[in-house]
Amino acid sequence: MTPAHVSEEVHVELNLSTDNALAITSARRLAGRAGFDEAGQSLIATAVSELATNIIRYGGGGEVVLRLIHEQGEVGQPGRDGVEVVAEDHGPGIRNIERAMQDHFSTGKSLGLGLPGVKRLMDEFFINSKPGVGTLCIARKWRR
Amino acid sequence: MSDQVFVGLGMHVLDGVLVAQAPDSIEDAALRQFQSGLLSRVHATSPRGVIIDVSRVRLLDSASYELLADAGRMTAMLGARVVFVGFQPGVVATLMDLDVDTQALVTALSLEDGMELLRPRVARADADDTDAADPANAAEDAADDDAAATGAAAGRAGPGQKAKTP
């Protein structure tokens, strides 16, 4: 993921299930300041909710950092604004990332981590996880 | 505080149909309380149908969607027909990207349409109604009833159907 200029940053600690609401509200607000419309704000907030829920339920708590990012355009091209979400925990980690990134729908009720959904919702998605160490997810959505 | 106090919160009966407002919070506790309250009320009052109004729900992720879908499944298991109304466009658009079964729910655009789907079905001479609890059949059966009603209104009854009294 190429580095982007950050103009705003919000940290939300995620320990209790009630912290998810704060993550969602913060995400909506930041997305609004990045210029996303109502639908875009909801989309980003939903992706944040998926990631935050994983951290709270399975990650033993952690943190999500929300950033208002900017990318300069090529010469003569306009730049763009977006939102970056960094979700991190120091929990048990994911043993099989490849399987976690596959849809579980075919097996019936969605029992997965919702990660394929986050990847589809956002424009850029990165995940790194090590069993016994923790999990890191970074996702970005750009406003066109 | 006892859950008994809040069993009827956000619910009212309209023409024999229980209309229940899903909470705007997607927190686990709030949705589970909604589930248990709804089941209690359905069990106690045996409405001919249930409408779950999700118009106050601004955001659904995969976990909260499953809890809502479960509310529908459980209510259907009690034997009541269930229709969801009021899904917000932004919520629906986002749900398409999530890993959820969007076919799990019977939906209607408005409360009015929902009530229409839950209209008492015309008795049929050849029909077997033991699958009444399956929400997937509710829309199908209602659509059949609409066809029969239209036929009856035009002066004909469909095969095996009683003509509806105008």
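On a predicted model such as this, the values are computed, not experimentally measured, just so you know. Proteins get letters first, then strands, A, B, ... in listed order; numbering begins at 1 in each.
Within 6.0 Å of CZ on A/R29 lie no more than 12 heavy atoms contributed by other residues, nucleotides or ligands. Residue A/L16 places its CG atom among more than 12 non-hydrogen atoms of other residues, nucleotides or ligands, all under 6.0 Å distant. Counting non-hydrogen atoms of other residues, nucleotides and ligands closer than 6.0 Å to CD of A/E13 gives a total of 12 or fewer. Heavy atoms of other residues, nucleotides or ligands lying less than 6.0 angstrom from CZ of B/R48 number more than 12. Within a 6.0 Å radius of NE2 in A/H11, other residues, nucleotides and ligands contribute more than 12 heavy atoms.
Cluster membership check: A/M122 does not share its hydrophobic cluster with A/V6, using side-chain heavy-atom separations under 4.5 Å among Ile, Leu, Val, Met, Phe, Trp and Tyr. Under the 4.5 Å side-chain heavy-atom criterion for ILVMFWY residues, no single connected hydrophobic cluster contains both A/I94 and A/L136. Hydrophobic clustering places A/F36 together with A/L51 (ILVMFWY residues linked when any side-chain heavy atoms are closer than 4.5 Å, directly or through intermediates). B/L67 and B/F87 fall within a single hydrophobic cluster, where Ile, Leu, Val, Met, Phe, Trp and Tyr side chains are chained together by heavy-atom contacts under 4.5 Å.
Proximity to chain B (any heavy atom under 4.5 Å) is shown, for A/E50, by both the backbone and the side chain. Contacts of A/I24 with chain B are made by side-chain atoms alone, with heavy-atom separations under 4.5 Å and no backbone atom involved. Heavy-atom distances place both the backbone and the side chain of A/S42 under 4.5 Å from chain B.
With chain B as the partner, the residue from A/L115, A/T53, A/L43, A/T18 showing the most heavy-atom pairs under 4.5 Å is A/T18. Between chain B and the options A/S49, A/A45, A/A39, heavy-atom pairs under 4.5 Å are most frequent for A/S49.
Chain B is approached within less than 4.5 Å, heavy atom to heavy atom, by no residue from residues 61-87 of chain A.
Closest approach of B/I26 to A/N20, counting heavy atoms only: CD1-ND2, 4.4 Å. The two residues A/G114 and B/S62 make their nearest non-hydrogen contact at CA-OG, 4.5 Å.
By the side-chain contact (heavy atoms from CB on, under 4.5 Å) test, A/K119 pairs with A/M101, A/F125, sequence neighbours left out.
Here B/M96 contributes atom CE and A/R120 contributes atom CZ; the two are 11.0 Å apart, rounded to the nearest 0.5 Å.
Looking only at side-chain heavy atoms (C-beta outward), A/L121 and B/L98 come within less than 4.5 Å of each other.
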Practice task
Check the pair B/R58, A/E38 against side chain to side chain contact (heavy atoms under 4.5 Å, CB included), reporting the backbone distance first and the verdict last.
Solution key: CA-CA 10 Å; B/R58 297 181 64 200; A/E38 177 71 36; 3.5 Å; yes
